[in-house]
Amino acid sequence: TGKVPRVITIYDLIPVVKPEFVTSGQVSLFKTSLARIAPATDCVVCISEFTKRQFCEYTSMSPDRCFVAPLAAGPSFRRITDPEAIRNTRARYGIPEGNYFLSLAAPQPRKNLAHLILSFFRLLEERGLTHTYLVLTGSKEQGWMSEEIFPSAASSEQFRSRLIFTGYVHDSDLPVLYSGAVAFLF
């Protein structure tokens, strides 16, 4: 380290700021990788200002050697206006007719899906929305510690049928699901 300048991308600091959300092996590997960064010669690219601030605080690296380059959607992510494509994709994932909010997240505590579900139920109750759904995509295999999500989902007998758990969604279907949604919730 330090002899050949490198550009290193940091997506987040979850393994060191929230180690309970990852395995101990991931924490160890991440800390080792951070220790190998040469602050005088390497440059770091972070995907957000928040990550840059966290990274610079954690490592004491100069913000002058850290840059922000937000992630962007790939070329396949474009608005889909074909009603048949939207109808077919909704049917494939069991999304009924009506409006829906879309959330893409593996069931992990840091995604706060339990709070999202409870907030959605509150919205339905306060606004009296009918034929409105919350579509939760994300593979259980990519998540962990999701025990709090399902009790939240079951907490309202009146509204639990408005939750649609699709499981894994193929990348080619995502533009259609985004396009058909009232809003994307993150």
Side-chain angles (χ1 to χ4, degrees), residues 9 11-15 17-18 20-23 26 46-51 53-54 68-186:
T9 302
Y11 290 87
D12 62 48
L13 270 72
I14 295 295
V17 297
K18 295 283 187 181
E20 65 272 21
F21 291 159
V22 297
T23 67
Q26 289 170 315
C46 296
I47 66 164
S48 69
E49 287 292 337
F50 178 77
T51 299
R53 278 193 308 275
Q54 268 193 329
V68 175
L71 299 175
S76 68
F77 285 91
R78 64 199 182 295
R79 185 159 194 71
I80 306 297
T81 57
D82 178 3
E84 185 175 339
I86 294 172
R87 195 171 30 258
N88 291 341
T89 303
R90 286 178 74 136
R92 189 167 32 262
Y93 292 102
I95 303 169
E97 287 298 317
N99 294 323
Y100 67 91
F101 295 95
L102 178 65
S103 176
L104 276 65
Q108 303 170 0
R110 66 190 178 109
K111 303 298 183 176
N112 209 2
L113 294 177
H115 182 71
L116 174 62
I117 290 168
L118 295 175
S119 297
F120 175 69
F121 288 166
R122 184 174 174 187
L123 175 72
L124 293 177
E125 186 172 4
E126 288 180 1
R127 300 293 170 126
L129 299 176
T130 58
H131 306 293
T132 302
Y133 303 89
L134 174 58
V135 175
L136 297 153
T137 68
S139 171
K140 289 181 190 177
E141 291 77 29
Q142 294 176 342
W144 61 91
M145 299 186 298
S146 60
E147 299 83 27
E148 77 278 2
I149 295 168
F150 299 106
S152 296
S155 68
S156 171
E157 191 172 317
Q158 179 184 7
F159 296 128
R160 68 179 163 212
S161 65
R162 307 279 196 91
L163 299 176
I164 311 298
F165 291 93
T166 65
Y168 174 79
V169 171
H170 193 275
D171 285 351
S172 63
D173 290 331
L174 289 175
V176 179
L177 290 180
Y178 278 119
S179 297
V182 170
F184 172 69
L185 305 175
F186 185 68

Exercise. Once the angle between the rings of Phe186 and Phe184 is folded into 0 to 90°, is it parallel (under 30°), tilted (30 to 60°) or perpendicular (over 60°)?
Worked result: parallel
Exercise. Just by distance, do the side chain of Ser119 and the backbone of Ile117 share a donor-acceptor pair under 3.5 Å?
Worked result: no
Problem set entry | Heavy-atom closest pair, residues Arg90 and Gly98 | NH2-O, 2.8 Å
Seminar exercise, completed: Heavy-atom nearest pair, Thr23 first then Gln26, reads N-OE1, 2.9 Å
Problem set entry | Steps toward side chain to side chain contact (heavy atoms under 4.5 Å, CB included) verdict (Gln54, Val17) | CA-CA 9 Å; Gln54 268 193 329; Val17 297; 3.8 Å; yes
Problem set entry | Residues that Arg87 engages under salt bridge (Lys or Arg N to Asp or Glu O under 4.0 Å), provided they are two or more places apart | none
Exercise. Are the side chain of Tyr100 and the backbone of Leu177 linked by a donor-acceptor contact shorter than 3.5 Å?
Worked result: yes
Exercise. Any idea which heavy atoms bring Pro175 and Ser76 closest together, and the distance?
Worked result: CG-O, 3.3 Å
For this session: Identify which one of Val135, Val176, Asp173 satisfies the side-chain contact (heavy atoms from CB on, under 4.5 Å) criterion when paired with Tyr93.
Result: Asp173
Problem set entry | Exam field: side chain Thr51 to backbone Ile47, donor-acceptor pair closer than 3.5 Å | no
Problem set entry | Worked verdict on Leu104 versus Leu102 for side chain to side chain contact (heavy atoms under 4.5 Å, CB included) | CA-CA 7 Å; Leu104 276 65; Leu102 178 65; 3.4 Å; yes
For this session: Let me know which of Leu134, Leu136, Ile95 forms a side-chain contact (heavy atoms from CB on, under 4.5 Å) with Ile164.
Result: Ile95
Seminar exercise, completed: Closest non-hydrogen contact found for Ile80 with Ala85 is CG2-CB, 4.3 Å
For this session: List in chain and number order the residues that pass salt bridge (Lys or Arg N to Asp or Glu O under 4.0 Å) with Glu126, two or more places apart in sequence or in another chain; answer none if no residue qualifies.
Result: Arg122
For this session: Return yes if some donor-acceptor pair links the side-chain N/O of Thr137 with the main-chain N/O of Ser103 below 3.5 Å, else return no.
Result: yes
Exercise. Can you check side chain to side chain contact (heavy atoms under 4.5 Å, CB included) on Phe120 and Phe101, steps first, answer last?
Worked result: CA-CA 9 Å; Phe120 175 69; Phe101 295 95; 3.8 Å; yes
For this session: Would you name the heavy atoms of Glu49 and Val68 that are closest together and state the gap between them?
Result: OE2-CG2, 3.5 Å
Problem set entry | Summary of salt bridge (charged side-chain N to carboxylate O under 4.0 Å, His left out) pairs that have at least one residue in residues 174-186, sequence neighbours excluded | none
